[in-house]
Amino acid sequence: MPASLVVFLVAVPLSLGIAMASGAPLAAGLIAAVVGGIVAGALGGSAVQVSGPATGLTLIVADLVQTYGWRATCMITLLAGAAQIVLGVFRVARAALAVSPAVVHGTLAGVGVVIALSQLHIVLGGSPQSSAVANLIELPAQIAAKHSHAVAVGVLTIAVLAIWSKLPRMIRTVPAPLAALLVAALAAWAFGWDVTRVDLSDSFTQWAFPVLPHGDWHRIVGAVLLVALLAGVESLMCSVTTDGMHEGPRADLDTELTGQGVANMVSGALGGLPVAGGIVRSTASVRSGGRTRWASVLHGCWVLVFALGFGWSIQLIPMEALAALLVFLGVQMVNLGHVRKVHGHGEVPVYILTMGGVIVLGLAEGVLLGLALAALLALRRLTWVTINVRQEEDGHYHATISGSLTFLGVPRLTHELRQIPAGAGVDLDLNIDFMDNAAFEAIHSWRVDHERLGGTVDIDDIHDEWYAMAASGSRMFPAKTPLRAPDRWWLPWAHRRRRAPRPVVPPQGGPSGVECQLTAGAREFHRRTAPLVQPIFTELARRQQPSHLFITCADSRVVPSLITASGPGDLFTVRNIGNLVPRRGCEPNDDSVVAAIEYATQVLGVRTITVCGHSGCGAMAGLLSGGVNAGSLPGLRRWLRHGNHSLARFIDGESDGTDSGPLDRLCRVNVQQQLLNLRTYRRVDEQVLAGELELVGLYFDIGTARVHRLPSTLSVKT
């Protein structure tokens, strides 16, 4: 109920202004508001969208009224509604979302500029010209002309609209458009200004059924489809936007399009403007608490009651105030936030061309220009190839080609590859999702020539074996296939598709060989990962500020950064057999773990110490066997004495049913015991008691790849 009242107060002045800008009877705006609220609100697929006169169709409606007359324009609106119903029934609403937002925002911006230029002449006491260009040319003369009270009303209206958002919240409960019109009407009445009043006389009584337009039927059909498509796209884009404003049910776009079609048929039959979802009305509804379609339906009811019972009050509004409201709204339609968004995606040219086309040529022409440029840019991006060539420290060249390799990219591809010196060794990464025959021939010919001149070329298809298949002649070039997951750094060496090891030629005639896996891995790090993480390591080179001391097992299957999703600089890590923490003063003495604890807590200031155990731990298996499994490993047997307290705790306790056997239970108990061992160090214990340090126990179940947090105790048993 409160939301419906707020939207009602916003909708009345907006509806009158849009009708005025469209060259339609002012009552047509109120009719569209009533129908949009009640019919589209009840039958549409969005719970919170509020429909009314379509702002984006103002120029189209004005042109239709001048060409065919008002009653024929109503018939075009009715037929457009029928077309929307057909589109909704065939469930093509999602296709409307394929229209670039840059085209939509550019269209609305162009419409806003045209509206502002035309209505500014009325504010200045003159009459608008036939086009936006003519309005712009005549504007200096209009500004220099002698002005009447109309200018004062217009300036006062714009001033109220401009400062309203800066007033206290209690005052701003009254919508700005309503407040501006009320202030303008009261000022004109109080000072006796000579202004033109809104005239609704006979608007509702002299109704006649719409008539078919006369003229070229091709143009009439085009007008029907244009109104249907533009109103539909405006409604669907608004519906998607409002979905992000609330947590209720998501909009059914096909149902919404069908509901808009029914509303346009009813509005056209009753003599109203075309209907579409409005972002201003919808936003006002959501911000006022509207969460169901009843906010829209009731707002339409209030507009109907107002029009029938209090329509006389509208006649107190100066026409110049309505024109000033339209100037302000037109300027607001050029939204800088939209410009920033499209700039981030490289679509500013589409926005500017669409807006310019709407202003200079017309709405339909501007939209078509914007769509054409958006399609060209999309085609350019689909065929754009990124080529990066750099020389490594060992003299080899590393080249990466990304994108879709088609004949359009062959000239640039060939130019970049031929910059590599003859005789050089080249590692070529193909990070591509498609390769046509022209691109293959270009790469293959370059490779053959390069190897003939003494160079080497090692090609790695990261996503798919496009080049290898084509080179073997076993593959034709089909349509694009889904990208295959690339190699990841966390895969074991045996699971990766790797190049053959590179022959090592040592300096000064030393023994030759093949580089080891670690050397090859470092080379791969330099080639793929180092350029990405270099800024991070440059920052970390000054100092380290880890937040955690992470004590875990030396087991090769435990990768701390992987199982904790941490990165460089996050963990200060200690790894040993069995993730053991020797108790203070125990034998045999071990200073390595103690030194790490002291440095982490007193120098680095970590806030958490984590002990992480894992399933199938060999150290715990040695404890269970009484040292038998350690065999002839005296160092290991001495080290495992630090686990005797864990073994005693294991013997003293019982299974709680969460473990999979004795070894699994001991692995878990050991983590809890190491947390107690940490408390034997005075500084650690003091920081824990003071709430400055937290002790955490983790358990990594290797078989299921799951990390569990284990319960810990704060008591220390000596």
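Computed from a predicted model, the values in this text were never measured in an experiment. Keep in mind that the numbers below use all heavy atoms, side chains included, and drop hydrogens, waters and symmetry copies.
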| query | Mind checking whether T157 and L161 have side chains closer than 4.5 Å, heavy atoms only? | reply | yes
| query | Would T258 and Q84 count as having a side-chain donor-acceptor pair, cut-off 3.5 Å? | reply | no
| query | So, the side chain of Q119 versus the backbone of A323: is there a donor-acceptor pair under 3.5 Å, distance only? | reply | no
| said: Is it true that S4 and W294 share a donor-acceptor pair across their side chains at a distance under 3.5 Å? | reply: no
| request: For residues E347 and S100, determine if any side-chain heavy atom of one lies less than 4.5 Å from a side-chain heavy atom of the other. | output: yes
| task | Report yes if some heavy atom in the side chain of L336 is under 4.5 Å from a heavy atom in the side chain of R340; otherwise report no. | result | yes
| said: Does atom CZ (R250) have a neighbourhood of more than 12 heavy atoms from anything else shown, all under 6.0 Å? | reply: yes
| request: Return the minimal non-hydrogen interatomic distance between A33 and S15, and the atom names on each side. | output: CB-OG, 3.4 Å
| Name of the residue among V103, L353, I352 meeting side-chain contact (heavy atoms from CB on, under 4.5 Å) with L373 | L353
| said: Between N264 (side chain only) and V275 (backbone N and O only), is there a donor and an acceptor less than 3.5 Å apart? | reply: yes
| field | Backbone of S285 reached by a side-chain donor or acceptor of S288 within 3.5 Å | value | no
| Any donor-acceptor pair under 3.5 Å linking the side chain of S235 with the backbone of A276? | no
| task | Before giving the answer on side-chain contact (heavy atoms from CB on, under 4.5 Å), spell out for S282 and V48 the whole-Å C-alpha distance, their side-chain angles and the decisive distance to 0.1 Å. | result | CA-CA 7 Å; S282 301; V48 298; over 6 Å; no
| task | Could you tell me whether a side-chain N or O of R291 sits under 3.5 Å from a main-chain N or O of G248, the two making a donor and an acceptor? | result | no
| field | V280 backbone acceptor or donor facing T283 side chain under 3.5 Å | value | no
| request: Indicate the atoms forming the closest heavy-atom contact of G357 with L369, along with that distance. | output: CA-CD1, 4.3 Å
| Which value, rounded to the nearest 0.5 Å, describes the distance between L9 atom CG and H299 atom NE2? | 10.5 Å
| Mind checking whether L178 and V10 have side chains closer than 4.5 Å, heavy atoms only? | no
| Nearest heavy-atom pair of P213 and I76: which atoms, and what distance? | CG-CG1, 4.1 Å
| field | Exercise: identify the closest heavy-atom pair between E320 and I122 | value | CG-O, 3.9 Å
| field | From S22 atom OG to W70 atom CH2, the distance as rounded to the nearest 0.5 Å | value | 7.5 Å
| task | Verify, without hydrogens or angle tests, whether T77 (side chain) and T73 (backbone) share a donor-acceptor contact under 3.5 angstrom. | result | yes
| message | Let's go through V61 and L273 carefully: what are the C-alpha distance in whole Å and the side-chain angles of both, what is the deciding distance for side-chain contact (heavy atoms from CB on, under 4.5 Å) to 0.1 Å, and is it a yes or a no? | response | CA-CA 8 Å; V61 174; L273 290 170; 3.9 Å; yes
| query | Distance-only, no hydrogens or angles: does the R94 side chain make a donor-acceptor pair with backbone N or O of L253 under 3.5 Å? | reply | no
| query | Between L16, L322, V160, which is the residue that forms a side-chain contact (heavy atoms from CB on, under 4.5 Å) with L181? | reply | L322
| Can you tell me how far OG1 of T55 sits from CZ of R281, rounded to the nearest 0.5 angstrom? | 6.0 Å
| task | Using a cut-off of 6.0 Å, state whether more than 12 heavy atoms not belonging to R287 lie near its atom CZ. | result | no
| query | Could you give the distance from NE2 (H121) to CG (N135), rounded to the nearest 0.5 Å? | reply | 4.0 Å
| said: The criterion is salt bridge (charged side-chain N to carboxylate O under 4.0 Å, His left out); which residues satisfy it with R71, sequence neighbours excluded? | reply: none
| request: For V174 and W164, run side-chain contact (heavy atoms from CB on, under 4.5 Å): C-alpha distance rounded to whole Å, both residues' side-chain angles, the deciding distance at 0.1 Å, then the answer. | output: CA-CA 9 Å; V174 179; W164 199 253; 4.1 Å; yes
| note | Closest non-hydrogen atoms of P177 and P13, given as atom of the first, atom of the second and distance, are CB-CG, 3.8 Å
| request: Mind telling me whether F8 and F306 have parallel, tilted or perpendicular rings, with 30° and 60° as the class edges? | output: perpendicular
| task | Look at the side chain of S296 and the backbone N and O of R293, then say whether any donor-acceptor pair between them is shorter than 3.5 Å. | result | no
| Out of curiosity, M265 CE to Q260 CD, how far, rounded to the nearest 0.5 Å? | 14.0 Å
| message | If the test is side-chain contact (heavy atoms from CB on, under 4.5 Å), which one of L87, I85, V233 qualifies with L257? | response | L87
| query | Out of V34, L30, I31, which residue meets the side-chain contact (heavy atoms from CB on, under 4.5 Å) rule with L304? | reply | V34
| query | Given side chains that start at C-beta, do those of T241 and Q49 come closer than 4.5 Å, heavy atoms only? | reply | no
| task | Apply the test side-chain contact (heavy atoms from CB on, under 4.5 Å) to residues L363 and L230: give CA-CA distance (whole Å), side-chain angles for both, the deciding distance (0.1 Å), then the verdict. | result | CA-CA 10 Å; L363 184 62; L230 291 180; 3.6 Å; yes
| field | Inter-residue atom distance D63.CG - Y68.OH, 0.5 Å rounding | value | 8.0 Å
| query | What's the shortest heavy-atom distance between T255 and L43, and which atoms? | reply | CG2-O, 3.5 Å
| Is any side-chain heavy atom of L329 closer than 4.5 Å to a side-chain heavy atom of I115? | no
